[in-house]
2 protein chains.
Amino acid sequence: MKSLTRHRKMILENMQYRTDHPTAKMVFDSIKMNTYKISFATVYNTLEYLVNCGMIKKLDINSQSARYDANLSEHSHLICKSCGNMMDYIEPIPIDTSIPNLNGFIVEDISVTFRGLCQDCVHN
Amino acid sequence: MKSLTRHRKMILENMQYRTDHPTAKMVFDSIKMNTYKISFATVYNTLEYLVNCGMIKKLDINSQSARYDANLSEHSHLICKSCGNMMDYIEPIPIDTSIPNLNGFIVEDISVTFRGLCQDCVHN
DNA sequence: TTTCTTGCAAAACATTTGCAAATCG
DNA sequence: CGATTTGCAAATGTTTTGCAAGAAA
């Protein structure tokens, strides 16, 4: 939790540059492609580190490998059941955070995911 | 997609009996405990089969292993960041499914997950 | 019999960890 | 220098697959 080293900065910037909710492997590949020497484990561990720092989010979706998102503004996701594509949905979802009967649970974060068929997959 | 065999029935009933959103391993262990002979791969594959049939759901949460839920009625989940406990939240969440700007995306399923601190973890 | 399902073990894939070397402050 | 971070490889955990044997239709 101490310093933003060169590697951490690079991974964070890579995340902030992209909007494809990448897996650790995708981040690793894209950094490797820039002829930058880095280890896979470092990418994994750094992504978790950045999640713990609150600089990126780990998405609440079931996926064989974890997916991360550097977009911290409130938004939700559309996932196509057919092609697997994942799109941002930035319109605010009207959820009242003062919903009842939480039995003392303190909500820090709400995630909303829509699953269905994207326009392309509906038309075929 | 054809028949509800003895194994499938047993796994489905095990799922319907419990409310702990188990992993495949948890289902396997609990069936094994009843001295019933079954293979781990069969449990894995059967759970996916039941998901595809629409008889159970695979939850949209990030977790090291997939979690399943036989409760098909509309509800959402509270997950404690501290103890990891996962609770059902059955009050309906007022999301208008006619939300705008979906660009032709057909929504079939909405999942809502609250992360935060449960009552027990707040008090210590 | 013909088709579908299961068990098993191995393969494939995802994640975590220990430790020595490198880097940071 | 002392503390933290990284690379590497190995350990661990999860999911998928191929195929022979078994069960169902």
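Chain letters run A, B, ... following the sequence lines, proteins first, then strands; residues in each count from 1.
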To the nearest angstrom, the CD1-C1' distance between I31(B) and dG7(C) comes to 14 Å
Over how many whole Å does the gap from M26(B) atom CE to dT14(D) atom P extend?
12 Å
OP1 or OP2 of dG7(C) under 4.0 Å from side-chain N/O of H7(B)
yes
Once you measure the plane-to-plane angle for F28(B) and F40(B), does it fall in the parallel (<30°), tilted (30-60°) or perpendicular (>60°) bin?
tilted
Partner set under side-chain hydrogen bond (donor to acceptor under 3.5 Å, both in side chains) for N62(B), not counting sequence neighbours:
none
Atom-to-atom span, CG of N62(A) to P of dA14(C) - whole angstrom:
14 Å
If you look only at distance, which donor and acceptor atoms sit under 3.5 Å apart when one is on a side chain in residues 105-112 of chain A and the other is two or more places apart or in another chain?
from	atom 1	to	atom 2	distance (Å)
E108(A)	OE1	K81(B)	NZ	3.0
D109(A)	OD1	K57(A)	NZ	3.3

Nucleotide dT16(C), atom P - distance to CG of L47(A) in whole Å
11 Å
Distances under 3.5 Å only, N/O to N/O: pair up the protein atoms with those of nucleotides 16-25 of chain D.
none

So what is the end-to-end bend of the helix from dT1(C)-dA25(D) to dG25(C)-dC1(D), with 5 pairs used at each end and the value given to 10 degrees?
30°
Listed partners of R115(B) passing salt bridge (charged side-chain N to carboxylate O under 4.0 Å, His left out), at least two apart
D60(A)
Select base, sugar-phosphate, or nothing to describe what S65(A) touches, counting heavy atoms under 4.0 Å on all strands.
sugar-phosphate
Atom CD1 of I11(A) and atom C1' of dT6(D) are separated, to the nearest Å, by 10 Å
Checking all strands, does A66(B) fall into the base, sugar-phosphate, or nothing category for heavy-atom contacts under 4.0 angstrom?
sugar-phosphate
For the CD atom on E74(B), are there more than 12 heavy atoms of other groups (residues, nucleotides or ligands in this structure) within a distance under 6.0 Å?
no
Could you check how far NZ of K9(A) sits from C1' of dT6(D), rounded to whole Å?
18 Å
In whole angstrom, what separates R8(A)'s CZ from dG25(C)'s C1'?
14 Å
Between D69(A) and H75(A), do the side chains contain an N or O donor and an N or O acceptor separated by less than 3.5 Å?
yes
Non-hydrogen side-chain atoms of M15(B) and M55(B) separated by less than 4.5 Å
no
Whole-Å gap separating P (dC13(C)) and CZ (F28(A))
15 Å
Co-members of L72(B) in a cluster of I, L, V, M, F, W and Y side chains, linked at under 4.5 Å
none
Does any donor atom in the side chain of T19(A) or D88(A) lie under 3.5 Å from an acceptor atom in the other side chain?
no
